[in-house]
6 protein chains.
Amino acid sequence: MPRLAEMTREQVADLAAHGVAVLPIGSLEQHGDHLPLGTDSLLLEEVIERALDDRGDVAVSPTLPFGFSGHHQFAVALSLPPKTLLDVLGALLDSLVAAGFRRVLVVNGHGGNIEMMSQAVKLAALDHAILAACCSYWELLDPRPGAPGHAGSFETSLMASAHPALVRPPMHGPRELPLFDRRLVRGLHVERHGEWPRSGGITDDPGDGDAAAGAAALAEAAARLGECVDALLGLDLPSDDPTPENPEGAAR
Amino acid sequence: MPRLAEMTREQVADLAAHGVAVLPIGSLEQHGDHLPLGTDSLLLEEVIERALDDRGDVAVSPTLPFGFSGHHQFAVALSLPPKTLLDVLGALLDSLVAAGFRRVLVVNGHGGNIEMMSQAVKLAALDHAILAACCSYWELLDPRPGAPGHAGSFETSLMASAHPALVRPPMHGPRELPLFDRRLVRGLHVERHGEWPRSGGITDDPGDGDAAAGAAALAEAAARLGECVDALLGLDLPSDDPTPENPEGAAR
Amino acid sequence: MPRLAEMTREQVADLAAHGVAVLPIGSLEQHGDHLPLGTDSLLLEEVIERALDDRGDVAVSPTLPFGFSGHHQFAVALSLPPKTLLDVLGALLDSLVAAGFRRVLVVNGHGGNIEMMSQAVKLAALDHAILAACCSYWELLDPRPGAPGHAGSFETSLMASAHPALVRPPMHGPRELPLFDRRLVRGLHVERHGEWPRSGGITDDPGDGDAAAGAAALAEAAARLGECVDALLGLDLPSDDPTPENPEGAAR
Amino acid sequence: MPRLAEMTREQVADLAAHGVAVLPIGSLEQHGDHLPLGTDSLLLEEVIERALDDRGDVAVSPTLPFGFSGHHQFAVALSLPPKTLLDVLGALLDSLVAAGFRRVLVVNGHGGNIEMMSQAVKLAALDHAILAACCSYWELLDPRPGAPGHAGSFETSLMASAHPALVRPPMHGPRELPLFDRRLVRGLHVERHGEWPRSGGITDDPGDGDAAAGAAALAEAAARLGECVDALLGLDLPSDDPTPENPEGAAR
Amino acid sequence: MPRLAEMTREQVADLAAHGVAVLPIGSLEQHGDHLPLGTDSLLLEEVIERALDDRGDVAVSPTLPFGFSGHHQFAVALSLPPKTLLDVLGALLDSLVAAGFRRVLVVNGHGGNIEMMSQAVKLAALDHAILAACCSYWELLDPRPGAPGHAGSFETSLMASAHPALVRPPMHGPRELPLFDRRLVRGLHVERHGEWPRSGGITDDPGDGDAAAGAAALAEAAARLGECVDALLGLDLPSDDPTPENPEGAAR
Amino acid sequence: MPRLAEMTREQVADLAAHGVAVLPIGSLEQHGDHLPLGTDSLLLEEVIERALDDRGDVAVSPTLPFGFSGHHQFAVALSLPPKTLLDVLGALLDSLVAAGFRRVLVVNGHGGNIEMMSQAVKLAALDHAILAACCSYWELLDPRPGAPGHAGSFETSLMASAHPALVRPPMHGPRELPLFDRRLVRGLHVERHGEWPRSGGITDDPGDGDAAAGAAALAEAAARLGECVDALLGLDLPSDDPTPENPEGAAR
């Protein structure tokens, strides 16, 4: 897999002209008593490696190992405030464009990053004549019960497949079902202060970690991520000068 | 409907102790050749008025009439940059809490506001011992073809019901189907520079404006919004001092 | 009155070429025991409606219903911090210019907005080849005792004329004359912590609300606001490229 | 005159308990062909020295030698953007409070600083249990024709008295009367792009510099500034804990 | 080596009480024609692994893989602007303190990060009752000719030892000696626009990559980094409440 | 010495074309019991005056009298937070470039300013086709024991030479040797919360103030500063359009 960290500037320049830059973003935050802090990044990197390892038309950036995790700081989390995260993603996307890339794909491993990732991609596509895309790896999957949750059955199964040595029993279920995972009314999102510590920091019972189910999910996510790259490569680039033009600088 | 703008400070203090503060957020942006700039706010206010007009347990703020609309400035839009919008929403939510409210609901009329609204609500619930919630009115509805789109059949039908004088024929369909409304891969979101001006600024053919369908949608959204308020009133407030506590100031 | 919220993009484009964009900014804050939170915006909109209702050469934006009201949060106020307010006004003025307007007028209903309004207008005129202007509606009037004050005789009289149902007796005078309304030395402005709560949140005795005096003031303000628009229409636009040019980007 | 720059920390601690901290703010910007860039700061310091030289109840900070002067960068100005200026003034006022002062007075020499000075003083008095005040030296004077203007007859006369060697003839009047100095409608403020370079950067004819008139103005300003300090010393401090309290942090 | 990414929240809590949190910060930027973009991070991680692999009293965070590299964007660099980098480092240090650590050490692999790293560490120690330290790995070494330079003999030798497969000949020297590496006057630092592209993006001739010299330097840096951790563990923690206290919040 | 504050705009324009703009930055902060708050600025200005008084090829800005001094606010300091200081320095450097200068030199008198000064100079040289340089006056000197320290023997000696009336005995040594002045490991920098108040705010015993040694140091610093200016004048300016160009706006 062409990794930006291992490529020279000439190799980057060659690939940027036609390839896709992939920017993985993860988190470092508590995942209950049994999963490690880096779970989101580890799973994300597992999916990316399976999907892109043998491709020559992508360049994969190092993973941003920190995201917005303010809700996990009741225990432990290295968290970037949302505006800082937006600044970081904006700077990285701008940098990729400055390096010549016109197709960029942000791949996400952490629910808390979704808002800023989506916003950053929209701003980048307003500011530059590029194709900018994003996805969270679990949203590529066909629907599964308990997916994605947090440190519950889904993530535990994937870790049991990808990093079994980092799954440390015994696994405990949540003290109570957190509010944000209950649907009160279609389309209504509710946040209640203290819900994460109250529930013990996980969303559902991790069970014993179903490695086979985890392996299947990882394989499916990897296949879909490959399709995402193909889709981006198959799209026409925007012309450099769309008419009528967006007013320069108006978006930010 | 108790409107904050028409209430005295004493009336607010009385209601804040037990009621729900509702903060509507809209937009002012091009809606094709046939709908007015204020379409999102007008429809939002229509839903709110139908839902909350005769309730005594809510206080409705004036609508924030501007949102993030950078993608509509190719024609005309009064747009707040995302970080400014986040600052505004944070300040308004903090202000409602300072005024005594512990149940707040942001109701949204514009797709471009979703990321910052969601983020602001999460931050408010981290910072304050409150219930904070949000919804976009169209997401309260059972799925409908073309909903919500932008200036297409859905919005045109609702406007034909709520403000027929502001629907100005002839209606034109999009010049081409915009990329962001095509699903290339499950879970993948793609933005291409210039897609909004390229498609003419609307997402699907508005047809002739089906006022009956619009009226039904407005009624359904209003009913659901009422349920949202009921749900918030039915939830326990967080205790003032959840254990363990979030580290103060860590989230922002 | 041509309202931006009710106009299509084409109507805006036509009007922007020669007309004046009017941006009203208000507040939502305590106004004593007898006036509603929205007093400033309600009076502002009354003046604007009287002044501009039958003109075809203006486009009136929705009112920004929140301003800087930190000094009223001892009771209740939805307040935007000054830097956020400056960002908002800057974004709205930039948006109006992007929409084609070259004559913009900010009309203000709240004393706490004056600094940021004035600064935003100066920056807009530095950045763009436009005419940018601002006024607070009460400063258009010939001097009157007690004008404008806060929730005192002046505002109560105007509300008694414009919205008598929203004036709720009994009216109470201030507990003591607040320091910021006493002139200690010509040209000296003094702020003392806690002065607003100490005085009860109003500046002078509202009396019984003199609706006739209020009506006269509203009529005078409306007439003057019309003159303001005429004045702006009568001025030459700046040439696009004044010589010598301001260094780009230096002002902000 | 007790200058902060020449005092030890113990001397500051002693004075802070009862005295007034004075913070002068100036500018560095073009003043036509005949006056130096530092005119505003030089005149401000002249007034302060005359007013406060023999007092023991004030501590005078070094002058902030730069202000907001974006409108003078067409020629030459060292300008702080408004938000930066607000941050600077906020930090300096907070620092004075941290050092023990509870009576602070900002004295201004430059019109472009007025908005941010006024805003900063209001915020400081909201955040801290202090007396915070501000004035621009020319506003202390009885009205005079041409005062203050910019690099016109008023400032030239004062410089002719205070720093005659820095007045360099020949003096030129403005190329045309700038718009911002013409009153079109009472209470209306208009800014037109390019007006400063168009008028040559000065507001009125400097004449020959009337040193006697300048000396009289300086003496009057100095006398009034002394009265300002007396007024601040004569006011009661706010109690440390006014009731009801402003919500902490809500203002900014 | 205890890596934060592989530890559970309980393991972190245990270690935080007495151990040292290590935060590595690197870069992703052009390193001439022969070294990969990730050179700084790769070498930094090599030093850390050698130094800390068998210790139980440290917890090593994932490397921040991006730093301030604006000067390398003439070719390719993923760069965080300085204020964003300061925000990121501040958030990460605050997060480590929130997680219970009272001894934190930032270890740096990139010259462009020095200013913000130093500033962030100073702010963290002002804000929290902790020991905060930082170093750049090459400054731990006894002086060596050409160290550290950029993509020159020093870094090439270290890469030849640590990652020989990522050193890609032929190696080219700089087109000319860049100004910032010439000492004009003791203590004077000079930056000239365009110097990095002018010199070809490297500071000195990489030679053939002296793997033995590189191995020696890596070993020396690793030994010294171990001493740094020992030194931090040997220092007394600050008392929680030093007297007199720094005014809270004054530093930022 | 050509001082910007005393020059007209025409004189500045003439000098900017070929000369060096000098921007002095100081501090206002406690310097123990015996030295005044303005020590850093006073010594800096003494050096500059000796170095540049009779030169015609420099223009000296007024000193920025405040720097980052958060660590001295335990006693008294007027401190600008680091990001504000960076904004201020960026605005001043941009302003000097806008005024026509292409050779700028920041001269520093305070250790706490080093990070932001260095960063600001690097950004200015990235953004503009200029030569930008900086130095701290004590780093121009051959190494001396105790230099620079804070309010210790070095600064006391210089003040004894330059401003003997402002040195107020008795002089007290530090209560204990502060940690930041002890070298624990080569290249390691450690900050411990509360170290400044703990040590009494000074770094080493001021002794009796050796005026002769102080005079020698001032003379040496002045001579070196002259060499710095000569060096800048002797360097070629960057061409306006270096190839390949830095991507515009990418650095900040």
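Protein chains get the first letters and strands the later ones, always in sequence-line order, with residue 1 at the start of each. Note that these values count all heavy atoms, side chains included, but never hydrogens, waters or copies made by symmetry.
Screening F:Leu184, F:Val190, F:Leu188 against E:Cys228 for a side-chain contact (heavy atoms from CB on, under 4.5 Å) leaves a single residue, F:Leu188.
Checking side-chain atoms of F:His193 against main-chain N and O of E:His128 turns up a donor-acceptor pair under 3.5 Å.
Taking CZ of F:Arg102 as the start and CZ of E:Arg192 as the end, the distance is 11.5 Å to the nearest 0.5 Å. Taking CD1 from F:Ile114 and CD1 from E:Ile114, the interatomic distance works out to 12.5 Å, rounded to the nearest 0.5 Å. We find the CZ-NZ distance between F:Phe68 and E:Lys122 to be 7.5 Å, quoted to the nearest 0.5 Å. Separating the CD atom in F:Glu115 from the CE atom in E:Met116 is a distance of 8.0 Å, to the nearest 0.5 Å.
Contacts with chain E were tallied for F:Ala231, F:Ser118, F:Ser69; F:Ser118 has the most, counting heavy-atom pairs under 4.5 Å. Per-residue counts of heavy-atom pairs under 4.5 Å with chain E were compared for F:Leu141, F:Leu237, F:Leu225, F:Asp230; the largest is that of F:Leu141. Of the listed residues (F:Leu131, F:Ile130, F:Val107, F:Leu140), the greatest number of heavy-atom pairs within a distance under 4.5 Å of chain E belongs to F:Leu140. Ranked by heavy-atom pairs under 4.5 Å with chain F, the first of E:Glu227, E:Gln119, E:Glu195 is E:Gln119.
For the ring pair (Phe, Tyr, Trp, His ring centres under 6.0 Å) test, residues two or more places apart in sequence or in another chain that qualify with E:His31 are E:His150.
Residues E:Arg224 and F:Arg186 meet the side-chain proximity criterion, which asks for heavy atoms closer than 4.5 Å. Annotation: side chain of E:Leu126 is not in contact with side chain of F:Glu191 (no heavy-atom distance under 4.5 Å).
Nearest heavy atom pair, residue F:Cys135 against residue E:Gly187, reads CB-O, 3.3 Å. Across all non-hydrogen atoms, the minimal contact from E:Ser239 to F:Arg198 is N-NH2, 4.5 Å.
Both the backbone and the side chain of F:Ala132 have a heavy atom closer than 4.5 Å to some heavy atom of chain E. Proximity to chain E (any heavy atom under 4.5 Å) is restricted, for F:Leu105, to the side chain, taken from C-beta onward. Heavy atoms of F:Leu86 lying under 4.5 Å from chain E belong exclusively to its side chain. Proximity to chain E (any heavy atom under 4.5 Å) is restricted, for F:Asp87, to the side chain, taken from C-beta onward.
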Review point. Are F:Met117 and E:His189 close enough, and set up right, to give a side-chain contact (heavy atoms from CB on, under 4.5 Å), and what steps lead you there?
Key: CA-CA 11 Å; F:Met117 173 179 68; E:His189 182 80; over 6 Å; no
